[in-house]
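Data block below; observations after.
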Amino acid sequence: MIFGNTKVYSVIGNPVKHSKSPVMHNAAFNALGINACYVPLEPHSNDLSKICSLIKTGVLSGSNVTIPFKESVVEYVDVLTDEASMIGSVNTLYPKNGKLVGDNTDGLGFKKSLFSDLGFNPEKKSAIILGAGGAAKAVTAKLCQAELESLAIFDIDIDKAEELLNHISKFQYTTKVILIKSEQVDEYSKSSNLIVNCTPIGMNEKDPLLVSPNVFSSKQFVYDLVYTPPMTKLLSSAKSAGAKILNGMDMLAYQGAESFSIWEGVKPPYEIMRKELANA
Ligand code: NAP
């Protein structure tokens, strides 16, 4: 039920109609009896600052941020948390003492699902990341923080790849990070212990397979941030070769639960949030 004093949270993105975050967060509010609701907002980029003002002044209690605003929203934030600075983008906003705080929970979601759930041990391991946008920033930061030995990054947009490399270079990571070209993707995919898809490729049935089907082996871990469909072509090919696979659903649930906990200061009902996502 919505009352006069119901708190309103949101997810800001464009497009955002496909987002499963409202289902997950509204289920969590219901489960804990919290008088709040969570709605999707799809502003034009010119209106992003207005929505940020609504959060800063407490009209909206908090928000998630998704494509394409995770980086552009930073300019409206008064206080950037250490985590958001390290990742270089924001996916969680909330007001504090009249200021707008920007945080990022994507990295934590990736870290928990890859290291705890999938059981990947980064020690002396190599990885290839496909895509160098907002999500890749969180993934890269967590892999470098975990002292992965080496990391190859490919993006069809060379400027994005260079921007990501420049960002990582500001930190004293021990991980050797290189940018690779499209003709090197198969070679690096074959030799890497971990392959991570941080592109939207795989969401549509007609999308191509990002790498040749013969690169996979049973010793590899393959992580696709895409979660719709749950079994992408990439994951299906990797699974056929015996690789350990995971889609982005757990990362989505973990990052959502962490945002919820930041906003409400209570333990989030993770299992309920995860179940609602799977059912959505
Ligand atoms: P983004 O900022 O748009 O970055 C994606 C990057 O991939 C872009 O630079 C894009 O280049 C590039 N790209 C597209 N096709 C490619 C290809 N064939 N090879 C190499 N690079 C390619 O998007 P994002 O925010 O990082 O999100 C990426 C995906 O991760 C989306 O599907 C999103 O839904 C998913 N995601 C999942 C979670 C989760 O919790 N599971 C969290 C965040 C994001 P162009 O811009 O030139 O196309």
Side-chain angles (χ1 to χ4, degrees), residues 11-21 23-25 40 45 64-74 84 87-92 104-114 117-118 128-142 152-165 167 179-186 188-189 195-204 206-212 215 222-230 232-235 245-260 270 273-274 277-278 280:
V11 53
I12 310 167
N14 196 338
V16 80
K17 289 186 178 68
H18 66 284
S19 174
K20 296 188 194 297
S21 291
V23 169
M24 166 170 70
H25 284 284
S45 56
N64 282 129
V65 184
T66 188
I67 299 176
F69 300 129
K70 282 184 182 177
E71 283 143 331
S72 54
V73 80
V74 171
I87 290 173
S89 69
V90 163
N91 84 329
T92 304
N104 195 312
T105 63
D106 280 338
L108 189 131
F110 175 71
K111 183 177 152 183
K112 270 192 175 175
S113 51
L114 178 70
D117 297 351
L118 196 58
I128 174 169
I129 295 184
L130 304 165
K137 280 186 158 174
V139 165
T140 306
K142 288 299 152 190
I153 300 171
F154 170 68
D155 195 297
I156 44 170
D157 181 341
I158 183 71
D159 292 341
K160 283 243 185 86
E162 281 175 356
E163 189 198 322
L164 177 55
L165 186 63
H167 179 74
L179 302 186
I180 58 168
K181 297 183 177 144
S182 63
E183 57 269 27
Q184 296 173 291
V185 167
D186 280 351
Y188 276 86
S189 297
I195 301 172
V196 188
N197 176 30
C198 295
T199 78
I201 304 297
M203 293 177 80
N204 294 313
K206 288 183 184 154
D207 282 346
L209 186 59
L210 279 165
V211 295
S212 297
V215 302
V222 179
Y223 192 127
D224 199 333
L225 262 66
V226 171
Y227 48 86
T228 317
T232 58
K233 277 184 196 159
L234 182 79
L235 292 183
I245 60 164
L246 193 67
N247 69 24
M249 189 75 85
D250 292 289
M251 175 174 169
L252 185 70
Y254 282 132
Q255 64 77 29
E258 186 62 17
S259 296
F260 186 95
Y270 175 76
M273 297 173 86
R274 177 69 179 80
L277 272 183

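Whatever order the structure lists them in is the order used to number ligands and atoms, beginning at 1.
Aromatic ring centres of Y254 and F110: separated by at least 6.0 Å.
Checked by atom type, the side-chain pair N64/S21 shows no donor-acceptor distance below 3.5 Å.
Side chain of N197 to backbone of D224: no donor-acceptor contact under 3.5 angstrom is found. For the pair D106 (side chain) and A135 (backbone), a donor-acceptor distance under 3.5 Å is absent.
In this structure, F260 and H25 have parallel ring planes: the angle between them is below the 30° cut-off, well short of the 60° mark.
For residues 131-141, the pairs satisfying salt bridge (Lys or Arg N to Asp or Glu O under 4.0 Å) are E71-K137, K137-E163, with sequence neighbours left out.
Residue-level contacts of ligand 1 at the 4.0 Å heavy-atom threshold are I67, K70, G131, G133, G134, A135, F154, D155, I156, D157, K160, C198, T199, P200, I201, M203, L210, L225, V226, Y227, G248, M251, L252.
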